[in-house]
Amino acid sequence: MSGRLTSQAAWVVALGALGAVRVWAMVISGDAQLPHLVAALTLLVPLVLAGLFFRRVWPAAVGLAVVVVIELSLSG
């Protein structure tokens with residue numbers, strides 16, 4: 001059981017880190033303005049923390065999906 005919990009926590013942290021890298025890429029490219037970055041971080045951070053708290057992967061995956069949608073909306 002302990003191995004399963006650490007595996008889920010590792011996935012949650014990995015998805016959160018991937019989301020943070022996507023946000024950082026938006027900053028570096030200069031495509032995103034402050035409201036886009038605040039929106040992405042406002043959703044990503046609490047969802048990753050919720051994933052750790054509830055011991056589920058799906059909140060972090062939703063957070064990553066929202067960051068990707070924000071990033072895709074900027075490229076259009």
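For this chain, numbers begin at 1 and follow the sequence in order.
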Taking all atoms of both residues into account, what is the closest heavy-atom pair of [X] and [Y], and its distance?
X	Y	answer
Val66	Leu43	CG1-CD1, 3.3 Å
Leu64	Leu44	N-CD1, 4.1 Å
Val67	Met26	CG1-CE, 4.4 Å
Leu37	Ala32	CD2-CB, 3.7 Å
Val23	Ala40	CG2-CB, 3.9 Å

Return the NE2 to CG distance between His36 and Leu41, rounded to the nearest 0.5 Å. 13.0 Å
Please check if [X] and [Y] belong to a single hydrophobic cluster, counting links between Ile, Leu, Val, Met, Phe, Trp and Tyr side chain heavy atoms closer than 4.5 Å.
X	Y	answer
Val21	Leu15	no
Trp58	Phe54	no
Leu18	Ile28	yes
Val69	Val45	no

Considering only residues two or more places apart or on different chains, which pairs with a residue in [range] satisfy salt bridge (charged side-chain N to carboxylate O under 4.0 Å, His left out)?
range	answer
residues 34-54	none
residues 36-48	none
residues 29-53	none

Not counting sequence neighbours, which residues clear side-chain contact (heavy atoms from CB on, under 4.5 Å) with Phe53? List them please. none
Which residues satisfy the side-chain contact (heavy atoms from CB on, under 4.5 Å) test with Leu47, sequence neighbours excluded? Pro59, Val62
Residues two or more places apart in sequence or in another chain: which of them pass side chain to side chain donor-acceptor pair (under 3.5 Å) with Thr42? none
